[in-house]
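See below for the structure under consideration.
Predicted, not measured: the structure shown is a model, and the values here were computed from it. A, B, ... follow the sequence lines: proteins, then strands. Residue 1 opens every chain.
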Amino acid sequence: MPELPEVETVRGQLEPLLVGARIIDGDSHPSGKFNQAPDAVGHSIEAVRRRGKYLLVDLLPDRGGRRELIVHLGMTGGLHVVPSPDDDPYQRARWGLDDGRHLVFRDIRRFGRIAVVAHGDHRSLPTLHQLGPEPFDPGLDAAGFHARLVRSNRRIKTHLLSQRPIAGVGNIYADEALWRACIHPGARRVGLERSGRLLDALRSVLTEALAHNGTTLRDFRTVDGATGSNQHRLDCYGRSGQPCGRCGSALTSRSLDQRTSTWCPTCQAR
DNA sequence: CGGGGTTCCTGGCCGC
DNA sequence: TGCGGCCAGGAACCCC
(Lines give C-alpha, C1' and ligand atoms only; values in the text may rest on other atoms or scores of the structure.)
Protein backbone atom coordinates (compact mmCIF):
# COMPACT_ATOMS: atom_id res chain seq x y z
CA MET A 1 0.00 0.00 0.00
CA PRO A 2 1.50 3.30 -0.99
CA GLU A 3 2.83 5.23 1.99
CA LEU A 4 5.30 8.13 2.04
CA PRO A 5 8.25 6.29 0.40
CA GLU A 6 6.10 4.84 -2.36
CA VAL A 7 4.35 8.14 -3.08
CA GLU A 8 7.64 10.03 -3.04
CA THR A 9 9.12 7.48 -5.48
CA VAL A 10 6.18 8.12 -7.80
CA ARG A 11 6.47 11.90 -7.38
CA GLY A 12 10.15 11.91 -8.22
CA GLN A 13 9.59 9.93 -11.41
CA LEU A 14 6.50 11.86 -12.43
CA GLU A 15 7.79 15.40 -12.04
CA PRO A 16 10.31 15.47 -14.94
CA LEU A 17 7.76 13.74 -17.18
CA LEU A 18 4.93 16.19 -16.49
CA VAL A 19 6.24 19.67 -15.70
CA GLY A 20 5.43 22.02 -18.56
CA ALA A 21 2.86 19.73 -20.16
CA ARG A 22 -0.64 21.02 -20.84
CA ILE A 23 -3.69 18.86 -20.16
CA ILE A 24 -5.97 18.98 -23.20
CA ASP A 25 -8.58 16.35 -22.40
CA GLY A 26 -9.56 13.86 -19.75
CA ASP A 27 -12.07 11.26 -18.66
CA SER A 28 -12.77 9.19 -15.60
CA HIS A 29 -14.68 6.37 -13.96
CA PRO A 30 -18.09 7.65 -12.83
CA SER A 31 -17.44 7.10 -9.13
CA GLY A 32 -17.39 10.26 -7.06
CA LYS A 33 -13.92 9.25 -5.99
CA PHE A 34 -12.58 9.90 -9.48
CA ASN A 35 -15.01 12.04 -11.43
CA GLN A 36 -13.27 15.34 -10.71
CA ALA A 37 -10.32 14.26 -12.87
CA PRO A 38 -11.55 16.03 -16.04
CA ASP A 39 -11.65 19.32 -14.12
CA ALA A 40 -7.88 19.50 -14.69
CA VAL A 41 -8.38 19.93 -18.44
CA GLY A 42 -7.17 23.27 -19.79
CA HIS A 43 -4.39 23.62 -17.25
CA SER A 44 -0.61 23.40 -17.52
CA ILE A 45 1.39 21.45 -14.99
CA GLU A 46 3.75 23.63 -12.98
CA ALA A 47 5.05 21.21 -10.39
CA VAL A 48 4.43 17.81 -8.81
CA ARG A 49 4.63 17.94 -5.03
CA ARG A 50 3.79 15.58 -2.18
CA ARG A 51 2.31 15.97 1.29
CA GLY A 52 2.13 12.75 3.29
CA LYS A 53 0.56 10.18 0.99
CA TYR A 54 -1.05 12.81 -1.24
CA LEU A 55 0.34 13.85 -4.62
CA LEU A 56 -0.27 17.54 -5.31
CA VAL A 57 -0.03 18.68 -8.92
CA ASP A 58 0.14 22.46 -9.26
CA LEU A 59 -1.98 23.64 -12.19
CA LEU A 60 -1.69 26.91 -14.08
CA PRO A 61 -5.00 27.58 -15.85
CA ASP A 62 -5.54 29.37 -19.15
CA ARG A 63 -7.50 31.88 -17.14
CA GLY A 64 -8.70 32.17 -13.56
CA GLY A 65 -6.92 31.25 -10.34
CA ARG A 66 -4.38 28.51 -9.79
CA ARG A 67 -5.69 25.08 -9.07
CA GLU A 68 -4.41 21.82 -7.70
CA LEU A 69 -4.90 18.24 -8.85
CA ILE A 70 -4.78 15.95 -5.84
CA VAL A 71 -4.26 12.20 -6.19
CA HIS A 72 -4.34 9.69 -3.34
CA LEU A 73 -3.19 6.25 -4.47
CA GLY A 74 -5.23 4.39 -1.86
CA MET A 75 -4.36 0.72 -1.64
CA THR A 76 -3.70 -0.25 -5.25
CA GLY A 77 -3.45 3.02 -7.18
CA GLY A 78 -0.69 3.80 -9.66
CA LEU A 79 0.13 6.62 -12.10
CA HIS A 80 1.72 5.96 -15.46
CA VAL A 81 2.68 8.07 -18.47
CA VAL A 82 2.03 6.24 -21.74
CA PRO A 83 2.17 7.03 -25.48
CA SER A 84 -1.38 5.76 -25.94
CA PRO A 85 -3.92 4.32 -23.49
CA ASP A 86 -4.99 0.69 -23.80
CA ASP A 87 -8.29 -0.87 -22.73
CA ASP A 88 -7.18 -1.50 -19.15
CA PRO A 89 -10.36 -2.33 -17.15
CA TYR A 90 -8.74 -0.89 -14.02
CA GLN A 91 -8.06 2.54 -15.51
CA ARG A 92 -9.96 5.04 -13.34
CA ALA A 93 -8.83 8.30 -14.94
CA ARG A 94 -6.91 9.51 -17.96
CA TRP A 95 -5.54 12.90 -18.93
CA GLY A 96 -4.41 13.63 -22.50
CA LEU A 97 -1.32 15.85 -22.73
CA ASP A 98 -0.58 18.36 -25.50
CA ASP A 99 2.38 16.36 -26.80
CA GLY A 100 0.25 13.26 -27.38
CA ARG A 101 1.17 11.37 -24.24
CA HIS A 102 -1.37 10.33 -21.60
CA LEU A 103 -1.24 10.33 -17.82
CA VAL A 104 -3.19 7.31 -16.59
CA PHE A 105 -4.45 6.46 -13.10
CA ARG A 106 -5.11 2.77 -12.56
CA ASP A 107 -6.53 1.42 -9.32
CA ILE A 108 -7.83 -2.13 -9.03
CA ARG A 109 -9.67 -1.75 -5.73
CA ARG A 110 -10.83 1.84 -6.15
CA PHE A 111 -9.58 2.94 -2.75
CA GLY A 112 -7.78 5.87 -4.36
CA ARG A 113 -9.17 9.34 -4.78
CA ILE A 114 -8.84 12.28 -7.16
CA ALA A 115 -9.77 15.89 -6.47
CA VAL A 116 -9.31 19.19 -8.32
CA VAL A 117 -9.50 22.18 -5.99
CA ALA A 118 -8.56 25.84 -5.76
CA HIS A 119 -4.84 25.91 -5.03
CA GLY A 120 -4.25 25.07 -1.37
CA ASP A 121 -7.92 24.61 -0.52
CA HIS A 122 -7.92 21.22 1.17
CA ARG A 123 -11.17 21.48 3.07
CA SER A 124 -12.78 18.72 1.00
CA LEU A 125 -10.04 16.30 2.12
CA PRO A 126 -10.16 16.33 5.94
CA THR A 127 -7.10 14.17 6.48
CA LEU A 128 -4.98 16.36 4.19
CA HIS A 129 -6.47 19.47 5.77
CA GLN A 130 -5.37 18.34 9.24
CA LEU A 131 -2.19 16.57 8.17
CA GLY A 132 0.75 16.50 10.57
CA PRO A 133 4.23 17.74 9.63
CA GLU A 134 6.42 15.96 7.12
CA PRO A 135 8.73 13.47 8.86
CA PHE A 136 11.79 15.20 7.41
CA ASP A 137 10.69 18.71 8.32
CA PRO A 138 13.88 20.06 9.94
CA GLY A 139 11.70 22.06 12.32
CA LEU A 140 10.27 18.85 13.79
CA ASP A 141 12.14 17.62 16.85
CA ALA A 142 11.47 15.16 19.67
CA ALA A 143 9.74 17.78 21.80
CA GLY A 144 7.49 18.89 18.97
CA PHE A 145 6.64 15.32 18.02
CA HIS A 146 5.93 14.44 21.64
CA ALA A 147 3.61 17.43 21.93
CA ARG A 148 1.65 16.18 18.91
CA LEU A 149 1.56 12.59 20.18
CA VAL A 150 0.07 13.52 23.55
CA ARG A 151 -2.84 15.34 21.95
CA SER A 152 -4.61 11.98 21.83
CA ASN A 153 -5.04 9.18 24.32
CA ARG A 154 -5.59 6.61 21.59
CA ARG A 155 -3.17 3.77 21.04
CA ILE A 156 0.08 5.13 19.61
CA LYS A 157 -0.23 3.18 16.38
CA THR A 158 -3.84 4.17 15.80
CA HIS A 159 -2.81 7.78 16.34
CA LEU A 160 0.08 7.47 13.84
CA LEU A 161 -2.27 6.02 11.21
CA SER A 162 -4.59 9.04 11.61
CA GLN A 163 -1.87 11.15 9.91
CA ARG A 164 -2.25 13.83 12.55
CA PRO A 165 0.97 13.52 14.58
CA ILE A 166 3.10 13.08 11.44
CA ALA A 167 2.37 12.72 7.72
CA GLY A 168 2.70 9.71 5.46
CA VAL A 169 2.93 6.72 7.82
CA GLY A 170 0.72 3.69 7.11
CA ASN A 171 0.48 0.18 8.49
CA ILE A 172 3.78 -1.12 7.14
CA TYR A 173 6.06 1.68 8.31
CA ALA A 174 4.19 2.14 11.59
CA ASP A 175 4.88 -1.51 12.47
CA GLU A 176 8.49 -1.19 11.30
CA ALA A 177 9.21 2.01 13.22
CA LEU A 178 7.53 0.83 16.42
CA TRP A 179 9.58 -2.36 16.24
CA ARG A 180 12.77 -0.38 15.71
CA ALA A 181 11.94 1.99 18.59
CA CYS A 182 10.88 -0.93 20.86
CA ILE A 183 7.43 0.54 21.54
CA HIS A 184 4.29 -1.58 21.86
CA PRO A 185 1.75 -0.57 19.19
CA GLY A 186 -0.98 -0.39 21.83
CA ALA A 187 0.94 1.99 24.13
CA ARG A 188 -1.15 4.98 25.12
CA ARG A 189 1.29 7.16 27.01
CA VAL A 190 4.61 7.80 25.33
CA GLY A 191 7.06 10.09 27.07
CA LEU A 192 9.60 12.48 25.60
CA GLU A 193 12.38 9.92 25.46
CA ARG A 194 10.30 7.34 23.61
CA SER A 195 8.86 10.02 21.31
CA GLY A 196 12.39 10.92 20.28
CA ARG A 197 13.23 7.27 19.67
CA LEU A 198 10.10 6.85 17.59
CA LEU A 199 10.83 9.93 15.49
CA ASP A 200 14.36 8.68 14.83
CA ALA A 201 13.00 5.23 13.95
CA LEU A 202 10.40 6.68 11.59
CA ARG A 203 13.03 8.75 9.83
CA SER A 204 15.43 5.85 9.38
CA VAL A 205 12.73 3.40 8.28
CA LEU A 206 11.32 5.86 5.75
CA THR A 207 14.77 6.87 4.47
CA GLU A 208 15.75 3.25 3.87
CA ALA A 209 12.45 2.43 2.17
CA LEU A 210 12.82 5.45 -0.11
CA ALA A 211 16.33 4.34 -1.02
CA HIS A 212 14.81 1.06 -2.23
CA ASN A 213 11.95 2.65 -4.19
CA GLY A 214 9.37 1.59 -1.63
CA THR A 215 7.76 -1.70 -0.64
CA THR A 216 5.91 -3.85 -3.17
CA LEU A 217 3.88 -6.49 -1.35
CA ARG A 218 1.70 -7.13 -4.37
CA ASP A 219 0.32 -4.17 -6.26
CA PHE A 220 2.65 -1.19 -5.85
CA ARG A 221 4.39 -0.17 -9.07
CA THR A 222 6.53 2.84 -9.85
CA VAL A 223 5.66 5.15 -12.77
CA ASP A 224 7.67 2.97 -15.16
CA GLY A 225 5.97 -0.20 -13.90
CA ALA A 226 8.84 -1.50 -11.77
CA THR A 227 8.42 -2.91 -8.28
CA GLY A 228 10.10 -1.48 -5.18
CA SER A 229 12.53 -3.69 -3.30
CA ASN A 230 12.06 -2.71 0.33
CA GLN A 231 9.80 -5.73 0.92
CA HIS A 232 12.96 -7.83 1.27
CA ARG A 233 14.12 -5.67 4.16
CA LEU A 234 11.12 -5.64 6.49
CA ASP A 235 11.90 -6.59 10.10
CA CYS A 236 8.37 -6.84 11.44
CA TYR A 237 5.39 -6.16 9.15
CA GLY A 238 3.91 -9.40 7.82
CA ARG A 239 6.39 -11.55 9.75
CA SER A 240 4.07 -12.89 12.45
CA GLY A 241 5.37 -16.17 13.86
CA GLN A 242 8.87 -15.59 12.56
CA PRO A 243 11.76 -14.84 14.94
CA CYS A 244 12.50 -11.26 15.98
CA GLY A 245 15.78 -10.16 14.40
CA ARG A 246 16.89 -8.64 17.70
CA CYS A 247 15.97 -11.19 20.36
CA GLY A 248 14.73 -14.29 18.56
CA SER A 249 11.26 -14.35 20.12
CA ALA A 250 8.43 -15.22 17.75
CA LEU A 251 6.80 -12.05 16.46
CA THR A 252 3.13 -11.88 17.36
CA SER A 253 0.18 -10.44 15.50
CA ARG A 254 -3.24 -9.19 16.57
CA SER A 255 -5.90 -6.79 15.47
CA LEU A 256 -5.83 -3.45 17.31
CA ASP A 257 -8.59 -0.98 16.51
CA GLN A 258 -9.52 -3.00 13.41
CA ARG A 259 -5.95 -2.91 12.08
CA THR A 260 -3.56 -5.83 11.94
CA SER A 261 -0.44 -5.16 13.97
CA THR A 262 2.71 -7.22 14.30
CA TRP A 263 5.25 -6.74 17.07
CA CYS A 264 7.84 -8.49 19.21
CA PRO A 265 6.33 -9.51 22.56
CA THR A 266 9.75 -9.30 24.21
CA CYS A 267 11.38 -6.19 22.74
CA GLN A 268 8.10 -4.30 22.57
CA ALA A 269 6.64 -5.31 25.93
CA ARG A 270 4.01 -3.04 27.39
C1' DC B 1 -14.61 18.36 18.00
C1' DG B 2 -12.61 13.89 19.14
C1' DG B 3 -13.54 9.31 18.69
C1' DG B 4 -16.03 5.06 17.26
C1' DG B 5 -18.27 2.38 13.72
C1' DT B 6 -19.25 1.69 8.75
C1' DT B 7 -18.28 1.75 4.03
C1' DC B 8 -16.02 1.40 -0.23
C1' DC B 9 -13.60 -2.47 -3.51
C1' DT B 10 -11.36 -6.73 -5.74
C1' DG B 11 -7.91 -10.40 -6.11
C1' DG B 12 -5.81 -13.97 -3.67
C1' DC B 13 -6.17 -17.63 -0.78
C1' DC B 14 -8.24 -21.34 2.03
C1' DG B 15 -11.21 -25.15 2.94
C1' DC B 16 -14.63 -28.23 1.40
C1' DT C 1 -12.49 -27.70 -10.52
C1' DG C 2 -15.61 -24.56 -8.47
C1' DC C 3 -17.18 -21.72 -5.12
C1' DG C 4 -18.46 -19.44 -0.74
C1' DG C 5 -16.20 -17.01 2.77
C1' DC C 6 -12.66 -14.30 4.51
C1' DC C 7 -8.87 -11.04 4.43
C1' DA C 8 -6.08 -6.90 3.22
C1' DG C 9 -6.85 -1.53 4.77
C1' DG C 10 -6.72 4.50 3.97
C1' DA C 11 -9.69 7.74 4.56
C1' DA C 12 -14.25 9.66 3.86
C1' DC C 13 -18.41 9.69 6.10
C1' DC C 14 -22.01 9.55 9.63
C1' DC C 15 -23.26 9.80 14.27
C1' DC C 16 -22.84 10.57 19.25
Side-chain angles (χ1 to χ4, degrees), chain A residues 1-11 28-37 50-56 70-79 88-93 105-117 121-132 135 147-178 185-189 202 206 209 214-221 227-228 231 234 236-241 251 253-263:
Chain A
M1 56 225 80
E3 305 179 31
L4 187 150
E6 291 75 32
V7 179
E8 180 59 25
T9 297
V10 168
R11 190 210 64 78
S28 70
H29 184 280
S31 163
K33 290 183 168 187
F34 310 115
N35 63 10
Q36 292 180 37
R50 180 194 56 74
R51 270 288 278 141
K53 305 177 200 174
Y54 295 82
L55 280 165
L56 307 175
I70 302 172
V71 179
H72 194 291
L73 300 177
M75 300 292 298
T76 57
L79 285 162
D88 178 2
Y90 301 120
Q91 177 180 304
R92 308 304 184 194
F105 179 66
R106 102 185 281 269
D107 182 11
I108 295 172
R109 282 161 66 183
R110 293 197 246 163
F111 269 46
R113 192 177 187 93
I114 294 170
V116 178
V117 300
D121 180 3
H122 298 155
R123 288 173 300 175
S124 63
L125 298 148
T127 303
L128 175 58
H129 192 55
Q130 303 193 85
L131 194 60
R148 301 191 69 90
L149 286 178
V150 300
R151 286 182 195 179
S152 168
N153 278 327
R154 307 183 80 185
R155 302 175 194 276
I156 180 91
K157 184 177 167 187
T158 305
H159 195 29
L160 284 175
L161 295 183
S162 78
Q163 307 302 302
R164 296 174 80 150
I166 198 164
V169 179
N171 210 23
I172 296 174
Y173 300 116
D175 274 1
E176 291 296 297
L178 289 166
R188 288 184 193 269
R189 285 204 175 68
L202 283 163
L206 295 171
T215 299
T216 298
L217 296 176
R218 178 172 297 148
D219 298 297
F220 172 66
R221 293 293 182 279
T227 62
Q231 61 275 15
L234 299 176
C236 184
Y237 177 91
R239 298 191 67 238
S240 183
L251 296 173
S253 185
R254 191 156 62 83
S255 183
L256 299 175
D257 294 328
Q258 291 91 38
R259 280 289 171 280
T260 300
S261 285
T262 302
W263 69 92

Need one value for [X]: base, sugar-phosphate or nothing, where a base atom within 4.0 Å counts as base even if backbone is also close, heavy atoms only.
X: A:Arg155; answer: nothing
X: A:Thr260; answer: sugar-phosphate
X: A:Thr76; answer: nothing

Per nearest nucleotide of DNA chain B, the residue lying toward the 5' end, A:Arg164 or A:Gln258, is A:Arg164
Atom [atom1] of [X] and atom [atom2] of [N]: how far apart are they, to the nearest Å?
X: A:Leu73; N: C:dA8; atom1: CG; atom2: C1'; value: 17 Å
X: A:Phe34; N: C:dA12; atom1: CZ; atom2: P; value: 13 Å
X: A:Arg218; N: C:dC7; atom1: CZ; atom2: P; value: 15 Å
X: A:Asp107; N: C:dA12; atom1: CG; atom2: C1'; value: 15 Å
X: A:Arg110; N: C:dG10; atom1: CZ; atom2: C1'; value: 16 Å
X: A:Arg239; N: C:dA8; atom1: CZ; atom2: P; value: 18 Å
X: A:Gln163; N: C:dG9; atom1: CD; atom2: C1'; value: 13 Å
X: A:Lys53; N: C:dG9; atom1: NZ; atom2: P; value: 11 Å

For C:dG10, does the base pair up with any side-chain atom of A:Arg109 as donor and acceptor (N or O, under 3.5 Å, distance only)? no
Quick one: does A:Arg113 reach the base of C:dA11 with a side-chain donor-acceptor pair under 3.5 Å? no
If only side-chain N and O atoms of [X] are considered, is one of them under 4.0 Å from the OP1 or OP2 phosphate oxygen of [N]?
X: A:Tyr173; N: C:dG10; result: no
X: A:Tyr237; N: C:dA8; result: no
X: A:His72; N: C:dG10; result: no

Could you verify whether a donor N or O on one side chain and an acceptor N or O on the other, from A:Arg51 and A:His122, lie under 3.5 Å apart?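 The criterion, which ignores hydrogens and geometry beyond distance, is not satisfied for A:His122 and A:Arg51.
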Residue pair A:Leu160, A:Tyr173: steps toward the side-chain contact (heavy atoms from CB on, under 4.5 Å) verdict: CA-CA 10 Å; A:Leu160 284 175; A:Tyr173 300 116; over 6 Å; no
Should A:Arg106 and A:Asp88 count as an ion pair when the cut-off is N to O under 4.0 Å?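 Answer for the salt bridge query: yes.
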For the backbone of A:Gly214 and the side chain of A:Glu6, can you confirm whether one donor and one acceptor N or O come within less than 3.5 Å of each other? no
Using modelled atom types only, decide if a donor and an acceptor are shared between the side chain of A:Asp175 and the backbone of A:Cys236 within a distance under 3.5 Å.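 Between the backbone of A:Cys236 and the side chain of A:Asp175 there is no qualifying donor-acceptor contact (under 3.5 Å).
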Bounds of contact between DNA chain B and chain A, in 5' to 3' order, using a heavy-atom cut-off under 4.0 Å: B:dG2 to B:dG12
Side-chain atoms of A:Leu125 come closest, of C:dG9, C:dA12, C:dA11, to C:dA12
Walk me through whether A:Met75 and A:Asp219 qualify under side-chain contact (heavy atoms from CB on, under 4.5 Å). CA-CA 8 Å; A:Met75 300 292 298; A:Asp219 298 297; over 6 Å; no
Heavy-atom nearest nucleotide on DNA chain C for A:Tyr54 versus A:Met75: which residue maps closer to 5'? A:Met75
Using 30° and 60° as the class limits, which term best fits the ring planes of A:His29 and A:Phe34: parallel, tilted or perpendicular? perpendicular
pi-stack flag for A:Phe111 and C:dG9, centroid dist under 5.5 Å, interplanar under 30°: yes
